[in-house]
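I have placed the structure first, in the form of structure tokens, so that the comments after it can refer back to it.
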Amino acid sequence: NNIVVDIKEVVYMQLKNLSSLPINRYGIVKNIIGEENTKRRLLDLGLVKGTKVTPVLVSPSNGLRAYEFRSSLIAIRKEDAENITLDNIS
């Protein structure tokens with residue numbers, strides 16, 4: 001019995017939140033969880049369900065990453081990015 005594993009499915013299972021998305025790969029926002037103030041701030045910036053988001057820069061301390069979405073470049077803290085779940089990671 002051979003088991004066939006789709007590598008894209010394995011990568012998807014490992015990349016469930018925005019903070020773990022590799023640079024220059026993109027994902028589609030599925031949900032934002034966490035504190036209401038933080039959630040509201042991210043929603044106000046346009047990071048809503050269905051938004052395509054791509055990490056493009058990482059700070060030297062690895063505490064911040066810059067993400068491109070809706071023709072903007074926005075820095076998001078790692079702990080906030082961990083609360084953003086993704087779909088359709090490519």
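When all heavy atoms are compared, the tightest approach of V53 to L21 is O-CD2, 3.9 Å. Closest of all the heavy-atom pairs between I76 and A81 is CG2-N, 3.9 Å. Closest non-hydrogen pair, P22 versus P55, comes out as O-CG, 3.2 Å. Minimum heavy-atom separation, V48 to R70: CG2-NH2, 3.2 Å. Residues K39 and I32 come closest through the heavy atom pair CE-O, 3.3 Å. Shortest non-hydrogen contact noted between T54 and R25 is CG2-O, 3.3 Å.
Cluster membership for L47 and L43, using ILVMFWY side-chain heavy atoms within less than 4.5 angstrom, is shared.
Without hydrogens or angle criteria, T85 side chain to N17 main chain gives no donor-acceptor distance under 3.5 Å. With hydrogens and angles ignored, the 3.5 Å screen pairs no side-chain donor or acceptor of S19 with any backbone N or O of D80.
To the nearest 0.5 Å, the span separating CG on L18 from CG on N83 amounts to 10.5 Å. Between L86 atom CG and Y26 atom OH the span is 12.0 Å, to the nearest 0.5 Å. Rounding to the nearest 0.5 Å gives a distance of 5.5 Å between CZ of F69 and CG of L45. The CZ atom of R41 sits 13.5 Å away from the CD atom of E36 when rounded to the nearest 0.5 Å. Interatomic distance, CG of L73 versus CG of L57, reported as 6.0 Å (0.5 Å rounding).
Put simply, the side chain of K78 reaches to within 4.5 Å of the side chain of N62, judged on heavy atoms. V29 places a side-chain heavy atom less than 4.5 Å from the side chain of I84.
Remark: the S59 side chain and the R65 side chain contain no N/O donor-acceptor pair separated by less than 3.5 Å.
For the pairing with D87, the side-chain contact (heavy atoms from CB on, under 4.5 Å) check across K49, K16, K30 returns one residue only, K30.
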